[in-house]
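See structure below.
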Amino acid sequence: QVQLVESGGGLVQAGGSLRLSCQASGRTSSTYYMGWFRQVPGKEREFVATISWSRGTTYYADSVKGRFTISGDNAKNTAYRQMNSLKPEDTAVYYCAARDLPSVVRLETAYKYWGQGTQVTVSS
């Protein structure tokens, strides 16, 4: 089992920045990818980004490419997401997730472990 705890959400004005963290504990050696998803009420959970835990390779949704950056600190078992140039449409609950298989996937169903979610609100 892998447990994920997120932190760093909050309220920010459009154009501002936030940094989210996701700390993993438990059987972290089984984690191949750490992903981020977001969800707004009434909509499906949307892929944001993912990072290969061993190689550091990153993948982004087109909607956040160039504005969001994800990174990982293996020693701390923590993934980070730096969000810049935030827009009101980025408002959502953001979830981190861990995948225990070695192929990169952007689908929600491919991730086995999930954090509790953290609210990000961008005001216009």
Side-chain angles (χ1 to χ4, degrees):
Q1 290 286 332
V2 175
Q3 294 79 41
L4 303 174
V5 178
E6 303 172 50
S7 60
L11 173 65
V12 65
Q13 288 188 331
S17 299
L18 277 176
R19 189 192 195 206
L20 303 187
S21 301
C22 177
Q23 184 170 30
S25 61
R27 198 178 172 191
T28 57
S29 60
S30 65
T31 298
Y32 285 91
Y33 284 88
M34 293 285 284
W36 293 91
F37 292 77
R38 64 187 182 186
Q39 189 171 27
V40 297
K43 292 189 176 182
E44 294 184 353
R45 203 168 292 185
E46 174 190 23
F47 170 78
V48 176
T50 192
I51 181 170
S52 165
W53 208 233
S54 60
R55 292 175 289 178
T57 311
T58 55
Y59 305 84
Y60 297 92
D62 288 342
S63 59
V64 305
K65 201 173 293 183
R67 300 188 297 122
F68 291 11
T69 302
I70 57 173
S71 59
D73 184 335
N74 286 20
K76 296 181 179 180
N77 288 323
T78 301
Y80 303 97
R81 189 173 79 251
Q82 178 69 37
M83 304 185 295
N84 298 327
S85 302
L86 282 162
K87 305 175 182 179
E89 51 263 44
D90 293 318
T91 296
V93 176
Y94 284 76
Y95 297 88
C96 71
R99 173 167 166 78
D100 59 353
L101 293 173
S103 55
V104 61
V105 183
R106 294 171 169 82
L107 296 175
E108 172 188 358
T109 52
Y111 290 77
K112 187 173 183 178
Y113 306 103
W114 289 84
Q116 80 281 9
T118 185
Q119 177 70 45
V120 170
T121 302
V122 184
S123 62
S124 57

Validation row: [X], [Y] side chains within 4.5 angstrom (heavy atoms):
X: Val105; Y: Ser103; answer: yes
X: Ile70; Y: Met34; answer: no
X: Ser63; Y: Glu89; answer: no

Do you reckon [X] sits in the same ILVMFWY cluster as [Y], going by side-chain contacts under 4.5 Å, direct or chained?
X: Trp36; Y: Leu18; value: yes
X: Tyr59; Y: Phe37; value: yes
X: Met83; Y: Val12; value: yes
X: Tyr33; Y: Tyr95; value: yes
X: Val64; Y: Phe47; value: no

Please check this pair: side chain of [X] against backbone of [Y], looking for a donor-acceptor N/O pair closer than 3.5 Å.
X: Tyr111; Y: Cys96; value: no
X: Asn74; Y: Trp53; value: yes
X: Thr31; Y: Asp100; value: no
X: Gln13; Y: Ser123; value: no
X: Gln119; Y: Gly9; value: no

Q) In a check of side-chain contact (heavy atoms from CB on, under 4.5 Å) between Arg38 and each of Thr91, Val48, Val120, Thr118, which one passes? A) Val48
Q | Basic-acidic side-chain contact under 4.0 Å: Asp90, Lys87 | A | no
Q | Parallel, tilted or perpendicular, as decided by the 30° and 60° cut-offs, for the rings of Phe68 and Tyr94 | A | tilted
